[in-house]
There are 2 protein chains.
Amino acid sequence: MDERVPRDFETLRATILERRQSLPKRIAQIAAYALDNPDDIAFGTAASIAASAGVQPSTLIRFAQQLGFDGFTSLQLVFRERLRERNSSYDERLAALRAKAEEGAGHRAIFDGFVAAASTSLNDISGRLNEDHFEDAIALLAKAETIYVLAKRRSYPVASYIAYALGKLKIRNQLIESAAGLNAEMIGFASPRDAVIAISFSPYAPAAIEEARVISEQGVPIVAITDSSFSPLAQFAKVWFEVAEADFAGFRSLSATMALAMALTVAVGEKRSDSSRKRKA
Amino acid sequence: MDERVPRDFETLRATILERRQSLPKRIAQIAAYALDNPDDIAFGTAASIAASAGVQPSTLIRFAQQLGFDGFTSLQLVFRERLRERNSSYDERLAALRAKAEEGAGHRAIFDGFVAAASTSLNDISGRLNEDHFEDAIALLAKAETIYVLAKRRSYPVASYIAYALGKLKIRNQLIESAAGLNAEMIGFASPRDAVIAISFSPYAPAAIEEARVISEQGVPIVAITDSSFSPLAQFAKVWFEVAEADFAGFRSLSATMALAMALTVAVGEKRSDSSRKRKA
DNA sequence: TATGGATTGGAATTATTATTTCATATTACC
DNA sequence: GGTAATATGAAATAATAATTCCAATCCATA
């Protein structure tokens with residue numbers, strides 16, 4: 001008997017999808033129902049599930065048996081396990097995954113780790129965002145003529161996404177990145193009527209800090225996204241946000257920073273279109 | 001009888017904590033267990049839970065009755081409902097937030113929306129990742145001499161983070177981005193001993209697709225991250241991943257793509273150091 | 001320290017639920 | 001179109017689990 005019983009939901013899902021074609025009508029019907037309503041399978045009784053799926057309880061059991069389980073009960077365990085997994089707190093999972101990855105537990109653990117790190121970061125920031133700072137930052141950026149976006153190295157992807165989004169929203173912006181070393185000149189054009197979004201995390205890229213210093217001395221207001229109040233960026237900034245990103249395998253997640261950056265960008269876009277509408281009226 | 005039965009987990013929890021003092025010893029024991037191990041209550045049988053908590057099944061029922069339920073079964077429903085809520089909530093919340101933001105419900109809603117979109121995407125991908133494809137992609141990339149990273153526009157931030165991480169891991173890589181229009185030359189150097197990570201989502205940037213086509217015709221294997229099997233990228237790729245990112249306010253999250261990209265990168269780094277260690281031994 | 005009330009343990013009972021069985025229907029193949 | 005194999009429905013049965021009940025124990029109070 002080659003019949004290997006799926007022990008986790010993903011394997012089960014894959015097995016079902018694979019055999020989909022070769023299943024008899026009623027069995028296929030319940031297979032579809034199972035993938036669409038996994039929660040119902042986890043909690044329902046054989047009778048209730050069968051009724052919801054429009055089949056007989058016995059069909060449900062045959063379905064389980066075809067998959068190699070010895071009955072509905074063992075099939076149900078897989079669906080229950082799935083719910084447990086999902087709900088176990090992300091922090092715990094992250095710790096476990098880090099340990100797993102340390103001892104070389106395969107590549108899947110690495111993937112799970114990055115997902116968990118991202119989720120943890122998002123969880124964290126959603127409770128932490130200071131709404132007043134957020135409004136201040138939006139106000140400040142909304143009235144800028146040009147928004148300069150400043151970030152190096154690890155933070156650079158965020159800056160490039162901000163620049164992309166600002167462009168889409170038709171907000172004049174300038175990404176300070178030039179590989180050709182023209183940053184000094186670029187910065188020179190910035191005036192107090194402009195504004196800067198600066199992003200930097202420990203270890204702070206010296207170039208980013210230096211450029212932030214210069215630009216703030218020109219009187220250009222800075223909105224900073226950084227990781228602590230001790231950050232050198234914080235002292236140059238008019239408004240700053242503290243974002244704690246979880247890391248995995250030495251690389252920090254960017255998900256919380258990205259979410260904040262996008263929210264800022266879109267909110268600024270919205271505020272601008274609001275006020276231009278008012279001006280016309 | 002003022003006895004109002006708690007219908008949701010939070011009320012239940014509050015009720016238990018409130019009465020904690022006045023509960024008899026064994027009942028208090030199971031009350032503590034219930035709050036510490038809510039999942040066990042949701043999934044277990046009266047007998048198994050009682051055993052884990054070190055009491056008799058009858059005590060468990062008395063506990064339920066003291067809280068106003070008519071038996072263990074009705075108490076258990078509350079614990080089960082809690083698990084369901086948790087899982088379904090992100091999609092629903094996202095829909096609600098979208099509606100809120102539509103009707104102009106302030107900037108906080110925009111932020112929440114982006115966080116929810118990111119969380120949804122992560123949730124989704126963590127269940128969907130095809131492990132075989134993942135391993136194939138890692139194997140393919142690990143043996144490449146140079147890894148080319150190809151992405152335009154919205155996907156570009158991901159590419160730049162990959163390039164950053166590959167650099168940190170001392171893996172030779174080349175970001176195909178050149179604003180100076182030297183892409184054709186850059187691509188020309190790629191050989192079948194190299195590999196490409198290509199990222200593109202609908203609407204696919206024509207330049208990205210075209211470059212992927214050219215480079216695959218040179219026999220360079222491509223690992224693609226895209227959004228559906230109909231993606232033009234998929235046809236050029238040796239291995240491809242489907243990532244469904246939720247969007248908010250017209251901007252899609254990058255969190256799932258980022259997590260996958262980072263996992264790929266780190267896994268490749270790990271595989272390389274493994275095999276070089278073997279070679280030395 | 002005796003007494004009544006509350007609490008608890010453990011087994012008996014009842015209810016619920018999964019599984020099996022068998023008759024019937026459907027399908028695929030000759 | 002007939003026949004065997006397969007699939008399905010429905011009810012009977014077996015298993016499992018919740019609940020109840022009663023005796024034993026504990027605890028507070030007089």
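Below, read A as the first sequence line, B as the second, and so on, with proteins coming before strands; counting in each chain starts at 1. What you see is a predicted model, and the numbers here were worked out from it, not measured in a lab.
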Testing dA18(C), dA18(D), dT8(C) for proximity to the side chain of F72(A), the answer is dA18(C)
note: L60(B), atom CG; dA17(D), atom P; distance rounded to Å ~ 14 Å
By nearest-nucleotide position on DNA chain D, the 5'-leaning member of P24(A) and K25(B) is P24(A)
R62(A) atom CZ is separated from dA7(D) atom C1', nearest whole Å, by 7 Å
Looking for any heavy atom pair under 4.0 Å, which part of the strands does I27(B) touch: base, sugar-phosphate only, or nothing?
-> sugar-phosphate
Closest to the 5' end of DNA chain C, once L23(B) and P57(B) are matched to their nearest nucleotides, is L23(B)
Separation of dT7(C) atom P from F63(B) atom CZ, nearest Å, is 15 Å
Which of dA17(D), dA10(D), dT20(D) is nearest the side chain of I61(B)? It is dT20(D)
Between CZ of F43(A) and C1' of dT17(C) the distance, given in whole Å, is 17 Å
- Query: Hey, mind stepping through E81(A) and L77(A) against side chain to side chain contact (heavy atoms under 4.5 Å, CB included) and telling me if it holds?
  - Reply: CA-CA 6 Å; E81(A) 202 45 50; L77(A) 286 181; over 6 Å; no
Do the side chains of D8(A) and R13(A) get close enough for a salt bridge, i.e. N-O under 4.0 angstrom? no
From CZ of R26(A) across to P of dT26(C) the rounded distance in Å is 10 Å
Looking only at dA17(D), dA10(D), dC22(D), the nucleotide nearest the T45(B) side chain is dA17(D)
I49(B) CD1 to dT16(D) C1', in whole Å, measures 15 Å
**Prompt:** Do L129(B) and L260(B) come within less than 4.5 Å of each other through their side chains, counting heavy atoms only?
**Reply:** yes
Considering only heavy side-chain atoms of T73(B), the closest of dT19(D), dT20(C), dT8(D) is dT19(D)
Taken to the nearest whole Å, CZ/F69(B) to P/dT20(D) is 16 Å
Checklist entry - Closer than 4.0 Å, any side-chain N/O of Q56(B) to the OP1 or OP2 of dG10(C)? => result yes
Pairwise side-chain contact, I27(A) with P24(A), heavy-atom cut-off 4.5 Å (strictly under)
yes
Side-chain atoms of S58(B) come closest, of dT8(C), dT19(C), dT20(D), to dT20(D)
When rounded to whole Å, the CG to P distance for the pair L75(A) and dT17(C) reads 18 Å
Of dT20(C), dG10(C), dA10(D), the nucleotide closest to the side chain of Q65(A) is dT20(C)
| Geometric cation-pi criterion R154(B) and F201(B), 6.0 Å radius, 45° cone | yes
